[in-house]
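Just below is one structure, and these are the notes that go with it.
Atoms considered below: every heavy atom in the structure, side chains included; atoms not considered: hydrogens, waters and symmetry mates. None of these values were measured; they are calculated from a predicted model. So that the names make sense, note that chain A is the first sequence line, chain B the second, and so on, each numbered from 1.
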Amino acid sequence: MKFSKILIPTLKEPPTEAHTASHRLMLRAGMIRPLGAGIYTWLPLGLRVLRKVEAIVREEMDAAGAQEVLMPAVQPAELWRESGRWDHYGKELLRLTDRHDREFCFGPTHEEVITDLARRELKSYRQLPINFYQIQTKFRDEIRPRFGIMRGREFLMKDAYSFDMDEASLEESYRAMYEAYNRIFRRCGLRFRPVEADTGTIGGSFSHEFHVLAASGEDGIASCSQCDYAANLEKASSAPLPPLDFSDLPMRRVETPGKKTIQAVSEFLGMRVEALVKSLVVETPNGPFLLLLRGDHELNPIKAAAALGVAQVVIPDPARGAELTGGIPIGFLGPVGTTLPVVADEALAGLNGFACGANAADAHLTGVRWERDLPKPRYADLRTVLAGDPCPRCNGGQLSLDRGIEVGHVFKLGDKYSKSMGIVVLDQEGRERTPIMGCYGIGVSRIVAAAIEQNHDANGIIWPVALAPFEVEILLANPNEPEAVRTAETLYRELRARGLAVLLDDRDDRLGIKFKDADLLGCPVRLVAGGRALKEGKVEIQTRRGGDAVQAPLAEAVAVTLARLEGCDGRDGQEMSA
RNA sequence: CGGGGUGUGGCUCAGUCUGGUAGAGCACAGCGUUCGGGUCGCUGGGGUCGUGAGUUCGAAUCUCGCCACCCCGACCA
């Protein structure tokens with residue numbers, strides 16, 4: 001492709017709304033343009049990358065035995081009423097009405113449609129196991145779309161749905177997808193990690209998320225230094241912490257005027273934060289609870305909700321909090337003598353001689369011991385793990401924390417949809433049975449943004465070879481010099497003959513502009529045809545990812561370029577998986 | 001939804017406080033110059049100042065309503 005014949009509207013300055021690297025760079029490199037909040041047009045350069053991701057996903061899904069289908073983007077409301085999600089999905093579901101006042105939605109996901117297909121077409125155990133996938137535009141009316149393509153409202157997603165007769169078979173289907181996902185992300189040249197995930201309110205037995213590791217990731221990931229354990233911070237747990245005993249003196253009341261925070265109390269009493277217990281009042285559908293955590297630990301609301309058996313826990317604002325505690329100000333709450341039901345984090349089981357609020361304004365208690373000063377509470381896992389916590393799986397491993405961008409999710413659904421929507425097949429004995437399902441998503445468009453988050457520098461994008469819109473960019477140093485033009489055209493032809501996608505910057509512009517744009521677009525290998533090198537009959541060849549520029553004789557240029565591309569691959573994809 | 005912010009040529013912004021002829025840089029078109037890291041100069045085209053109402057002799061500027069977008073908190077690929 002010649003630069004003069006393709007629309008690549010690069011920007012010297014990014015629009016103000018873009019703050020994250022991938023969003024800025026995609027706009028600056030002319031890959032995308034916004035049309036509204038969270039909706040984008042893919043321009044030729046961006047689309048080339050998107051198609052590359054799509055092709056990798058398609059190849060690996062096919063190889064894993066899944067069958068491609070394409071389901072409607074617009075779906076009738078009746079299906080969603082049948083599964084119960086028309087009322088429960090909430091405002092994220094974009095609802096439409098047709099000319100006959102019939103209700104539809106723009107599909108945010110396709111469990112209902114695939115289940116409907118399955119109940120019509122699947123009749124016998126002989127047809128199972130079976131796995132359907134599609135690569136489709138979805139729409140989720142996100143509360144707050146942000147980060148450009150990363151969290152758009154409209155996005156391209158690969159979703160797959162498996163149907164199996166029994167748990168053992170589902171396990172195999174799940175495993176096949178898990179492995180296909182590892183291959184997909186590895187082929188995309190991404191540094192990623194599969195992690196155990198919270199299954200959320202949908203339930204289901206088992207779930208893994210695939211995260212691209214990047215400092216700007218929205219999710220926290222804990223992983224073990226020694227074994228395979230890795231989990232979303234929402235779910236990650238720790239092995240029991242070593243017991244701590246700070247004092248065997250009698251419990252004592254201390255005046256602590258105005259010392260409301262753990263930090264302030266710790267300084268005032270001269271005690272480590274680990275020796276303090278913080279008491280949080282939370283509101284739930286089952287009423288208020290007092291939750292206890294070690295001073296340096298943070299509440300994990302998702303775990304808390306699970307432990308209390310409620311859909312959600314809400315941390316009230318101070319005014320409401322005081323109301324719930326009967327007037328005791330936040331900051332001085334404590335478990336001794338409280339009237340609220342108490343649940344303590346497991347880390348407190350081995351903690352004794354601690355300090356906590358006195359359940360009275362401007363006072364704390366020190367030297368508090370379980371059983372002596374207050375009854376043993378109910379214990380549950382309530383906290384978010386910290387770096388350095390002991391691994392829950394192995395002996396001696398420590399957890400470390402990373403940020404990740406969720407690009408894939410594999411999920412065992414069980415019979416949630418197959419039962420409610422009535423899929424029935426006959427088994428070997430001729431009995432009616434309900435198949436169980438798995439679902440498997442990949443954020444295809446999100447991968448493009450995630451790849452940039454992970455692969456860029458101050459000057460622009462640095463594409464992994466597998467995703468690059470062009471493997472090679474040739475800069476024509478001087479379009480008015482016949483010798484330079486001939487050289488560029490020759491290289492262009494020969495490299496394309498080797499099956500490479502090549503971008504030839506033939507614009508009538510200064511070389512400086514072409515260098516800047518080439519850095520921005522991030523093709524893995526860059527050649528300069530003409531200029532200094534050509535005076536010696538040579539071509540300049542450079543790798544975008546920090547390689548030194550070399551000069552090669554014209555006759556060797558293709559071979560050197562190919563070797564450089566090989567070198568790029570070596571530095572790219574890295575499986576961080578088990 | 002709650003809180004904060006911004007809307008002025010395609011982009012980045014000044015002008016708004018203190019009402020009085022709509023500006024700059026980049027981008028775009030033409031000419032010249034330069035030619036290995038966004039050269040320099042001249043000329044030119046392009047703006048209902050988000051939108052509706054109000055105040056005023058006069059509104060980008062003041063008042064009120066609305067809309068859009070961005071940023072910070074609870075969901076998800």
Side-chain angles (χ1 to χ4, degrees), chain A residues 9-20 23 27-28 30 33-39 53 57 89-93 108-110 135-160 181 185 197-198 200-202 207 209-212 218-219 232 234 301-302 305 311-315 317 404-411 439-450 459-460 475-481 484 507-520 526 528-535 540 542 549:
Chain A
T10 59
L11 263 29
K12 195 186 282 189
E13 292 178 275
T16 35
E17 73 261 20
H19 295 283
T20 52
H23 192 193
L27 289 167
R28 284 193 56 209
R33 285 293 181 261
L35 186 63
I39 54 180
V53 176
V57 170
Y89 207 93
K91 290 194 169 178
E92 234 167 73
L93 189 63
T109 178
H110 282 68
I135 296 175
Q136 238 268 20
T137 296
K138 313 267 196 205
F139 193 97
R140 292 183 189 169
D141 200 353
E142 294 269 350
I143 293 164
R144 188 149 84 86
R146 53 185 143 172
F147 306 146
I149 265 346
M150 188 95 83
R151 185 188 282 277
R153 294 194 293 173
E154 186 177 300
F155 58 99
L156 192 65
M157 178 176 172
K158 186 285 301 176
D159 49 331
Y181 275 35
F185 298 122
D198 182 56
T201 45
I202 305 171
S207 168
E209 292 169 348
F210 287 78
H211 284 264
V212 167
E218 290 186 88
D219 289 290
N232 194 305
E234 291 174 349
I302 294 169
Q312 195 184 18
V313 302
V314 177
I315 298 168
D317 59 49
I405 300 164
E406 185 186 357
V407 290
H409 200 162
V410 294
F411 219 105
C439 76
Y440 317 92
I442 288 183
V444 176
S445 45
R446 181 178 280 183
I447 286 177
V448 176
N459 297 317
L475 307 189
L476 174 52
N478 186 348
N480 302 314
E481 193 180 303
R507 291 175 300 174
D508 188 10
D509 269 313
R510 303 166 62 81
L511 227 207
I513 292 175
K514 298 187 182 185
F515 279 131
K516 289 288 186 191
D517 274 348
D519 286 346
L520 180 58
R526 183 189 80 200
V528 181
R532 289 200 294 252
L534 187 64
K535 293 200 176 77
E540 183 178 297
Q542 185 165 26

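- The residue among Gly512(A) and Gly38(A) whose nearest nucleotide of RNA chain B is located toward the 5' end is Gly512(A).
- Side-chain atoms of Glu209(A) and Asn232(A) include a donor-acceptor pair closer than 3.5 Å.
- Here the side chain of Lys516(A) is nearest to one of G36(B), C76(B), G37(B), namely G37(B).
- Between the CG atom of Asp509(A) and the C1' atom of U34(B) there is a distance of 13 Å, rounded to whole Å.
- Side-chain proximity of Glu13(A) to C69(B), A27(B), U12(B): nearest is U12(B).
- No side-chain donor-acceptor contact under 3.5 Å links Arg140(A) to the backbone of Leu93(A).
- Side-chain atoms of Glu406(A) lie closest to A77(B) of the nucleotides A77(B), G73(B), G37(B).
- Nucleotide A59(B) has no partner under the Watson-Crick or G-U criteria, as no pair reaches both atom distances under 3.5 Å.
- Within 4.0 Å (heavy atoms only), Gly148(A) reaches no atom of the nucleic acid at all.
- Evaluation of atom-type donor-acceptor distances gives a pair under 3.5 Å for the side chain of Arg151(A) against the base of C76(B).
- Rounded to an integer number of Å, the gap from Ile405(A) CD1 to C76(B) P is 18 Å.
- Distance from the side chain of Glu142(A) is smallest to C75(B) among U34(B), C75(B), G36(B).
- Across all strands shown, G19(B) forms no Watson-Crick or G-U wobble pair with both distances under 3.5 Å.
- Spacing between atom CG of Leu476(A) and atom C1' of C35(B) amounts to 12 Å, rounded to whole angstrom units.
- With G38(B), C76(B), G37(B) as the candidates, the nucleotide lying closest to the side chain of Arg446(A) is C76(B).
- Remark: P of C69(B) and CZ of Arg153(A) are 7 Å apart, rounded to the nearest angstrom.
- Taking every side-chain heavy atom of Arg146(A) into account, C71(B) is the closest of G37(B), C71(B), G25(B).
- A 3.5 Å limit on both hydrogen-bonding distances identifies U6(B) as the Watson-Crick or G-U partner of A68(B).
- Closest of all the heavy-atom pairs between Leu511(A) and Ala477(A) is CG-CA, 3.9 Å.
- Nearest to the side chain of Thr10(A), among G38(B), C69(B), C11(B), sits G38(B).
- Considering only side-chain N and O atoms, Arg510(A) lies under 4.0 angstrom from the phosphate OP1 or OP2 of U39(B).
- Residue Asp508(A) contributes atom CG, which lies 14 Å from atom C1' of G32(B) at whole-angstrom precision.
- Among the heavy atoms of the strands, none lies under 4.0 Å from Arg33(A).
- In the set C76(B), G36(B), U39(B), G36(B) carries the atom at the smallest distance from any side-chain atom of Ala533(A).
- Each of Gly36(A) and Lys12(A) has a nearest nucleotide on RNA chain B; the 5'-most of these lies closest to Lys12(A).
- Under the Watson-Crick or G-U wobble criterion, with both distances below 3.5 Å, G32(B) is paired with C40(B).
- A donor-acceptor pair is defined here as one N or O able to donate and one able to accept, closer than 3.5 Å; such a pair exists between the side chain of Tyr181(A) and the backbone of Gly441(A).
- The pairing partner recorded for C11(B) is G25(B), the criterion being a Watson-Crick or G-U wobble arrangement whose two distances lie under 3.5 angstrom.
- Base contact: Asp219(A) has a heavy atom under 4.0 Å from a base atom.
- Stacking annotation: Phe155(A) is stacked on the base of A77(B) (ring centroids less than 5.5 angstrom apart, interplanar angle below 30 degrees).
- Between the side chain of Asp517(A) and the base of G38(B) there is at least one donor-acceptor pair of N/O atoms closer than 3.5 Å.
- The side chain to side chain donor-acceptor pair (under 3.5 Å) test applied to Lys514(A) returns no partner, not counting sequence neighbours.
- Across every non-hydrogen atom of Asp519(A) and Arg526(A), the tightest pair is OD1-NH1, 3.6 Å.
- The side chain of Glu540(A) lies closest to G36(B) when the candidates are C26(B), C75(B), G36(B).
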